[in-house]
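From a predicted model like this one, the values you see are computed outputs, not experimental measurements.
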Amino acid sequence: MKLLYVFEERAPIFIELAWGISLSSASRLLAATIMAGALAGSAMAQAPDAGCALPSEPEGIPGAIDAAITGPMDKDRACMKALLIPEARMMFVSLGTDGATTYRLETLDDWIARVKARGHALLEEKQLKFHIERYGQIAHLWSSYALHSDGKPVARGINSIQAIKEAGGWRVTGIMVQAESATAPLPKEYLP
């Protein structure tokens with residue numbers, strides 16, 4: 001409780017400094033209560049599903065992603081939701097025939113809805129080769145992948161995956177994907 005008390009004391013000061021406004025005593029108490037509630041809600045929202053084990057090391061992230069994606073397109077995605085933090089974003093980058101870069105940014109819920117709409121077809125993703133850079137509680141994975149639908153190859157490309165270590169294991173904070181194309185084939189060093 002001492003931590004909450006210290007937080008309640010200092011949160012209004014943060015608001016005053018950050019937004020350049022002066023708060024009355026009542027406003028300070030209200031601001032502290034709102035911010036404490038927001039932080040508590042955020043911490044609760046980030047707790048992973050107990051049925052889905054998080055990787056204990058960054059090397060387990062590619063396998064966890066493959067397992068969370070692979071299966072019927074309309075399968076339950078509880079493990080995918082456990083693996084990615086609630087604020088995670090997925091960015092899909094592509095090159096047009098004119099060489100112009102475009103991208104689509106999605107939340108995990110956007111991605112789940114888009115994939116689920118395709119029905120019961122079997123989706124299978126396999127990370128082909130990956131490299132990890134790690135410092136303390138953060139990691140970056142550079143991974144080539146192959147994607148199949150009902151056993152037929154549909155795409156290969158690169159995943160740029162950012163992750164953070166939490167108390168329960170490693171979670172993904174964002175994934176940027178670029179599929180291989182005629183103008184951007186996968187370099188040999190990224191193939192198995």
Side-chain angles (χ1 to χ4, degrees), residues 46 48-49 51-134 138-166 169-192:
Q46 292 183 10
D49 185 319
C52 303
L54 294 176
S56 60
E57 294 296 328
E59 291 78 8
I61 294 171
I65 289 173
D66 290 347
I69 290 174
T70 297
M73 290 192 190
D74 58 355
K75 81 174 190 173
D76 176 30
R77 299 289 176 177
C79 289
M80 187 88 167
K81 287 185 174 189
L83 183 60
L84 277 70
I85 66 168
E87 302 83 5
R89 296 295 179 262
M90 301 169 81
M91 181 181 288
F92 300 90
V93 177
S94 59
L95 291 176
T97 54
D98 62 354
T101 304
T102 60
Y103 66 90
R104 182 180 70 253
L105 187 62
E106 295 181 354
T107 65
L108 179 56
D109 288 335
D110 294 337
W111 180 85
I112 291 171
R114 184 171 55 82
V115 170
K116 189 175 186 173
R118 296 180 182 170
H120 200 66
L122 184 63
L123 186 64
E124 181 183 5
E125 180 165 294
K126 178 161 179 41
Q127 306 301 308
L128 303 173
K129 192 173 181 181
F130 63 89
H131 173 76
I132 299 171
E133 295 288 334
R134 176 182 177 180
I138 63 173
H140 178 255
L141 291 79
W142 187 260
S143 172
S144 55
Y145 71 89
L147 188 65
H148 291 76
S149 179
D150 283 337
K152 298 175 187 151
V154 292
R156 289 191 321 184
I158 298 290
N159 287 327
S160 173
I161 304 163
Q162 295 76 43
I164 185 170
K165 183 168 176 45
E166 293 186 334
W170 285 86
R171 296 185 74 196
V172 173
T173 61
I175 303 174
M176 189 179 322
V177 180
Q178 182 172 338
E180 179 179 44
S181 66
T183 57
L186 278 180
K188 289 185 184 337
E189 65 265 23
Y190 298 133
L191 297 174

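Atom CG of residue L191 and atom NZ of residue K129 lie 8.0 Å apart, to the nearest 0.5 angstrom. Atom CG of L147 sits about 9.0 Å away from atom CD of E124, to the nearest 0.5 Å. Once rounded to the nearest 0.5 Å, the distance linking CG of L105 with CG of D110 reads 8.5 Å. Here CD1 of I161 is found 5.5 Å from CD1 of I175. Values are rounded to the nearest 0.5 Å. Atom CD1 of residue I85 and atom CD of residue Q162 lie 10.5 Å apart, to the nearest 0.5 angstrom.
A donor-acceptor distance shorter than 3.5 angstrom exists from the side chain of K75 to the backbone of T70, with no hydrogens or angles considered. A distance-only check finds no donor-acceptor pair linking the side chain of E180 to the backbone of R156 [under 3.5 Å]. Here the side chain of R77 pairs a donor or acceptor atom with the backbone of I69 at under 3.5 angstrom. Although no hydrogens or angles enter the test, the distance criterion places a donor-acceptor pair under 3.5 Å between the side chain of R171 and the main chain of L84. Within the 3.5 Å criterion, the main-chain N or O of G63 finds no donor-acceptor partner in the side chain of D66. At least one donor-acceptor pair under 3.5 Å links the side chain of D150 to the backbone N or O of L122. For the pair S144 (side chain) and Y190 (backbone), a donor-acceptor distance under 3.5 Å is present.
Salt bridge present: R104 and E106 bring a charged side-chain N and a carboxylate O closer than 4.0 Å. Taking a cutoff of 4.0 Å between a charged side-chain nitrogen and a carboxylate oxygen, E57 and R134 qualify as a salt bridge.
Under the 4.5 Å side-chain criterion, counting only non-hydrogen atoms from C-beta, L108 is in contact with M90. Taking the side chain as every heavy atom from C-beta outward, W170 and L54 never approach each other to under 4.5 Å. Side-chain contact between K81 and I112 is present, with heavy atoms from C-beta onward closer than 4.5 Å.
Around atom CE of M73, more than 12 heavy atoms belonging to other residues, nucleotides or ligands sit under 6.0 Å away. Under a cut-off of 6.0 angstrom, the local environment of NZ in K116 is sparse, with at most 12 non-hydrogen atoms contributed by other residues, nucleotides or ligands.
Pairing each heavy atom of C52 with each of A78, the nearest pair is SG-C, 3.9 Å. Across all non-hydrogen atoms, the minimal contact from G174 to A88 is N-CB, 4.4 Å. Across all non-hydrogen atoms, the minimal contact from F130 to S143 is CB-CB, 3.7 Å. Taking every heavy atom of both residues into account, E125 and N159 meet most closely at OE2-ND2, 3.6 Å. Summarising the geometry of M80 relative to A68, their closest heavy-atom pair is SD-CB, 3.5 Å, with the distance given to 0.1 Å. Listed here is the closest heavy atom pair of H140 and S160: NE2-OG, 2.8 Å.
Judged by the 6.0 Å and 45° rule, R114 forms a cation-pi pair with F92.
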Report task. Could you please spell out the steps behind the side-chain contact (heavy atoms from CB on, under 4.5 Å) verdict for H148 and V154? Result -> CA-CA 5 Å; H148 291 76; V154 292; 5.7 Å; no
